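The block underneath contains the structure these notes are about, expressed in C-alpha cells.
Since we're looking at a predicted model, the values are computed, not measured. In what follows, chains carry the letters A, B, and so on, assigned in the order in which the sequence lines appear, proteins first and then strands, with residues in each chain numbered from 1.
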Amino acid sequence: MKNQEIAKILYEIADLLEIEGVEFKPRAYRRAAQNIESLSVDIEELYKKGQLDKIPGVGKSIAEKIKEYLETGKVRKLEELRKKIPVDIESLSAVEGLGPRMIKTLYEKLGVKNLDDLERVCKERRLRRLKGFGEKLERKILENIQLVKQRQQQRFLLGFVLPEANAIVEELKPYVKKISLAGSIRRRKETIGDVDILAVADEPEYVMDLFTGMKRVEKVLAKGKTKSSVRLYGGIQVDLRIVEEESFGSALQYFTGSKEHNIEVRKIAIKHGYKLNEYGLFKGEKKIAGKDEEEVYKALGMQWIPPELRENRGEIEAALNGSLPKLVEYEDVKGDLQMHTKWSDGANTIEEMVQEAKKLGHKFIAITDHVGSLKIAGGMDEEDVKEQAKEIEKIREKYDDIYIFHGVEANIMKDGSLDVSNSLLKEVDLVLASVHSAFRMDEKEMTKRVIKAIEHEYVDIIAHPTCRIIQKREPIKLDIEKVFEAAKENDVIMEINAYPDRLDLNDIHTKMAIEMGIKISIGTDAHSKEHLKFYELGVAVARRGWAEKKDIINTYNIEELRKLFQK
DNA sequence: GCCGTTTTCGGCCCGACTGTTTTCAGTCG
C-alpha cells in the first residue's frame, strides 16, 4: 500500500511551495495528503478504478501527480522544486521558531541547507545581521537546534503517560470546579508529546501552587495565573490551563484538537455566520455557546463527537448528518483474549491472573501461552498443554463468576505453517497465531506467509498482525488489504494487541478491517498481572478505529464466544 | 490547488505570542 508514501510526497510539495511563498496551494496539498494518509482503502485500488478524485481534497492536478507517481515512481513537480530549493526541510522545520519564510531567507541570504549549516551561521553570528532577525532569535535558534538533535524520539507511550495524567487530575480535583484532560491524550493517541489539562477554579493561584508543587514535578517551566507548565520525573511535560467556567466547553473543544478537526469545525462555524475560538461560539459580539462541548457542537448542527474520533477522518461529515457510529464503550469489554503465565514466559500463575482479571471486572479471560519452537519464550509442547488443561479445569471449578478459555499462541513460520501439530491445537479452545521471527521478508512473501496461517484450519485469531513496536521496530511488510480479505473469507479474527508499545492493529487498520466486516479481538498480551489493565488501551484503539460494540468480540457473552472459537 | 443549497470565480481558520519593529511578519498550537 503506497498511501503513506504518497502522503509524504504531497507534504513535501506543500512545504516547498510554502517556502516559495506560494499562497493557498500548500494548504491544498496538505489537505490532500492528510486525507490520503488516513484513507482506509488502498490508493492504488482507487487509481485503478479511476476514483482518485473521490478523495476529498484531491482534484485534477493532484490526481495527476498521484498517477504519475504510481506509474513512474517519480513526481516531476517535486523534483523541480527540490532542485530549486535544495534544503532539508524536515529537519530545519523541526527547529522551534523556524518556519518556511525564515528557512527561505536563510537559504537565499546565507545558503543554509541543513541543521549543520544553520548551527554554523548562528555560531558565526551571521544570522543576527539579517533584516528582521536579531540577537535574541539567533540565540533561541541555536538552543533549539540542540533540542532537535537530542530529541529525535521524544514522544511518550500513551499507556505509560495516561495513568500519571489521570493521577494528576485526581490530585487536583478537590480544589477545582471542573477539570479534564485535553489534547492528544484525551483523544487517546498512541503516543503523546505533552499532557494538556484544563480546569475551572475559584482560586487559580492556589491551584497553580498545588500543581507546580506536586511531588512528581521535577522542574517548573512556567507559572502564571492562567497557565503553568511543569516537567515530571521521566521527562514528560504537563500544561495546566485555567479558564472561565463560561468558556470551559469551547476551550476544551479547542485544546482537545486535533488541529485538523478544529479547522473543519471552524469552517462550519463560518458557514453559519459564526466565529469559533477558545472563548466560545459567537454570533457577532454575542456568545451563543461555550459552557460545554455538547452545546458548541449542537449549535453548529452537529452531534457531539467523541474525542477519539477527532482526527478529521470523516467524523465531521458523519456528525453533520447524524450518522456517527455508536462507539464501543470501555465498560462494554468483558474480558481479555491474550495473556501469558508461568507456563511459558509470564510472571504469574494462571490463578493469579484470574484473580487480577476479576478485580478488573472481567467475565472471561483467555490463557494463551506460547507453544512450539519459540524456546526463548518457553514454548510448551503437547504434553505441557495437556497438563495445563487439567490445571485450568480445576481453576474453572473454583471460580464460577469468570470463565477461562484455554488458548495457545502459535508461531507462524517462514513458510506460513505453524510450528505445532494439529493434535495439539485440537486440545484447546482457542488458537492465536502470530509472527515472531523473520520480520524482514518482502511484502509479497510476508503476505503469503500470513495468509497461509489465516487459512489454517484451527487458527481463530491473528495476534499483533503487523508486529510493529512503537518507536523501535517497523511493522512487517504486509499487503494489509489482501490479509484482511483472507481473514474475512476464513472467518479469522484480527487482534488489537493492547500492550502499550504495540497497539497493533492500529487505529487506521482497525477502521479498515471493520469496514471489511472483520471481527476484532482485544488482548493485552499481559506477561504479568500488572499488565492486565492495559485492556483500556485496546478499547481506545478500537474507538479511534470507529468500532461499535458488535465489532469487538470481547463484548460478547461466553456462549457467543464458544461458538466463534469452534474451529 | 480545491471547492461550492448564499458562489464554477473568489475565496481559503483563528488568536496569541515573540521579536522585531514603530505597525508588523512569522510562527505556533
Side-chain angles (χ1 to χ4, degrees), chain A residues 10-11 13-36 52-66 75 77-78 81 92-106 127-141 143-144 182-184 186-187 189 192-196 198 222 224 226-227 229 237 239 241 243 247 250-282 300-301 310 312 316-317 320-321:
Chain A
L10 297 180
Y11 278 127
I13 294 177
D15 285 341
L16 288 166
L17 287 173
E18 189 145 38
I19 287 183
E20 283 225 293
V22 178
E23 276 193 300
F24 306 115
K25 288 188 190 183
R27 197 176 298 164
Y29 276 99
R30 282 201 189 103
R31 185 168 124 81
Q34 202 225 335
N35 285 323
I36 289 166
L52 284 176
D53 58 357
K54 290 254 168 72
I55 305 167
V58 175
K60 218 174 129 195
S61 168
I62 292 181
E64 200 51 47
K65 294 186 176 66
I66 296 170
V75 180
K77 169 107 175 174
L78 176 60
L81 282 167
L92 284 178
S93 53
V95 178
E96 181 103 346
L98 203 58
R101 309 297 306 160
M102 286 193 190
I103 291 175
K104 182 186 187 208
T105 310
L106 289 171
L127 188 138
R128 64 176 69 176
R129 293 206 293 267
L130 293 178
K131 194 173 162 214
F133 291 73
E135 202 182 324
K136 267 189 180 166
L137 202 55
E138 185 180 88
R139 220 176 306 136
K140 195 173 92 179
I141 286 174
E143 274 171 31
N144 289 341
S184 55
R186 182 167 181 240
R187 303 200 311 278
K189 256 192 92 165
I192 304 296
D194 55 23
V195 174
D196 289 312
L198 213 60
T226 60
K227 186 187 163 185
S229 298
Q237 184 177 327
D239 296 345
R241 286 188 173 81
V243 299
S247 300
S250 44
L252 188 56
Q253 198 281 329
Y254 176 84
F255 286 114
T256 296
S258 66
K259 188 181 169 187
E260 292 75 18
H261 172 91
N262 285 355
I263 288 172
E264 294 306 315
V265 174
R266 266 178 239 141
K267 280 189 202 164
I268 290 165
I270 291 168
K271 266 190 203 157
H272 283 79
Y274 303 154
K275 186 177 70 173
L276 178 63
N277 58 31
E278 59 262 53
Y279 301 107
L281 181 65
F282 296 90
L300 294 173
R310 299 185 195 172
N312 192 24
I316 308 260
E317 293 80 352
L320 280 170
N321 57 38

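A:Y29 and A:A14 make their closest contact through CB-CB, 3.8 Å (heavy atoms, listed as atom of the first residue, atom of the second, distance). Here the shortest heavy-atom pairing between A:R187 and A:R310 reads CD-O, 3.6 Å.
Rounding to whole angstrom units, CE of residue A:M102 and P of B:dG19 are separated by 10 Å. Separating the CG atom of A:L17 from the P atom of B:dG1 is a distance of 8 Å, rounded to the nearest angstrom. What separates CD1 of A:I263 from P of B:dC3 is a distance of 16 Å, to the nearest Å. The CG-P distance, from A:D239 to B:dC17, rounds to 14 Å in whole Å. Spacing between atom CZ of A:R101 and atom P of B:dC28 amounts to 14 Å, rounded to whole angstrom units. Protein atom CG of A:N144 is 19 Å distant from nucleotide atom P of B:dG26, rounded to whole Å. Between the C1' atom of B:dG19 and the CD1 atom of A:I141 lies a distance of 11 Å, rounded to the nearest Å. Computed from coordinates, the A:D194 CG to B:dC28 P distance equals 15 Å when rounded to whole Å.
Only the C1' atoms considered, B:dT6 is 14 Å distant from B:dG10, to the nearest whole Å. For B:dC17 and B:dT22, the P atoms lie 23 Å apart once the distance is rounded to whole Å. Taking atom P in both B:dT20 and B:dC14, one finds a spacing of 29 Å when rounded to whole Å. Atom name P, nucleotides B:dT7 and B:dG11: the rounded distance is 14 Å, in whole Å. B:dG1 and B:dT8 have their C1' atoms separated by 15 Å, given to the nearest Å.
Pairing of B:dT8, defined by two Watson-Crick or G-U wobble distances under 3.5 Å, is not identified with any nucleotide.
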Report all interatomic pairs (protein N or O, nucleotide N or O of nucleotides 7-10 of chain B) with separations under 3.5 Å.
none

Under 3.5 Å, which protein N or O atoms sit close to an N or O of nucleotides 14-16 of chain B? Give each pair with its distance.
unit_1, atom_1, unit_2, atom_2, d
B:dG15, OP1, A:K275, NZ, 3.0

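Residues of residues 130-140 of chain A that place a heavy atom closer than 4.0 Å to DNA chain B, in numerical order, are A:G132, A:F133, A:G134, A:E135, A:K136, A:L137.
For A:R186, the salt bridge (Lys or Arg N to Asp or Glu O under 4.0 Å) partners are A:E293, not counting sequence neighbours. Taking A:K104 as the reference, A:E108 meet the salt bridge (Lys or Arg N to Asp or Glu O under 4.0 Å) condition, with sequence neighbours excluded. Partners of A:I270 according to the side-chain contact (heavy atoms from CB on, under 4.5 Å) rule, which considers only residues two or more places apart in sequence or in another chain, do not exist here. Judged as a side-chain contact (heavy atoms from CB on, under 4.5 Å), and not counting sequence neighbours, the contacts of A:N144 are A:V95, A:E96, A:K140, A:L147. Evaluation of the salt bridge (Lys or Arg N to Asp or Glu O under 4.0 Å) rule for A:E278 yields no partner, not counting sequence neighbours. Among residues two or more places apart in sequence or in another chain, the salt bridge (Lys or Arg N to Asp or Glu O under 4.0 Å) test is passed with A:R139 by A:E135. Partners of A:Y274 under the ring pair (Phe, Tyr, Trp, His ring centres under 6.0 Å) rule, at least two apart in sequence or in another chain, are A:H272.
Remark: ring of A:F24 overlaps the six-membered base ring of B:dC12 in a stacked fashion, centroids less than 5.5 Å apart, planes less than 30° apart.
With the nearest nucleotide of DNA chain B identified for both A:P100 and A:S61, A:S61 has the one nearer the 5' end. Heavy-atom nearest nucleotides on DNA chain B were determined for A:A28 and for A:I103, and the one closer to the 5' end corresponds to A:A28.
Residue A:P26 is classed as having no contact, given no heavy-atom separation below 4.0 Å to the nucleic acid. Residue-level contact check: A:K267 touches the backbone only, with heavy atoms under 4.0 Å from sugar-phosphate atoms and none from bases. Residue contacts for A:V58: at a heavy-atom cut-off of 4.0 Å it reaches the sugar-phosphate backbone alone, with no base atom in range.
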Show which side-chain atoms of residues 16-26 of chain A pair as donor or acceptor with protein atoms under 3.5 Å away, not counting sequence neighbours.
unit_1, atom_1, unit_2, atom_2, d
A:E18, OE1, A:R30, NH1, 3.2
A:E18, OE1, A:R30, NH2, 2.8
A:E20, OE2, A:K84, NZ, 3.0

For residues 127-134 of chain A, which side-chain donor-acceptor pairs fall under 3.5 Å, sequence neighbours excluded?
unit_1, atom_1, unit_2, atom_2, d
A:R128, NE, A:E138, OE1, 2.9
A:R128, NH2, A:E138, OE1, 2.9
A:R129, NH1, A:R125, O, 3.4

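Using a 90° window around 0 for the glycosidic torsion, B:dT5 falls outside it and is classed as anti.
At B:dG1, one or more side-chain N or O atoms of A:K65 fall inside 4.0 Å of OP1 or OP2 (strictly under the cut-off).
For the atom pair CD1 (A:I316) and CD (A:E264), the distance works out to 6.0 Å, reported to the nearest 0.5 Å.
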task = Check the pair A:I55, A:I62 against side chain to side chain contact (heavy atoms under 4.5 Å, CB included), reporting the backbone distance first and the verdict last.
result = CA-CA 10 Å; A:I55 305 167; A:I62 292 181; over 6 Å; no
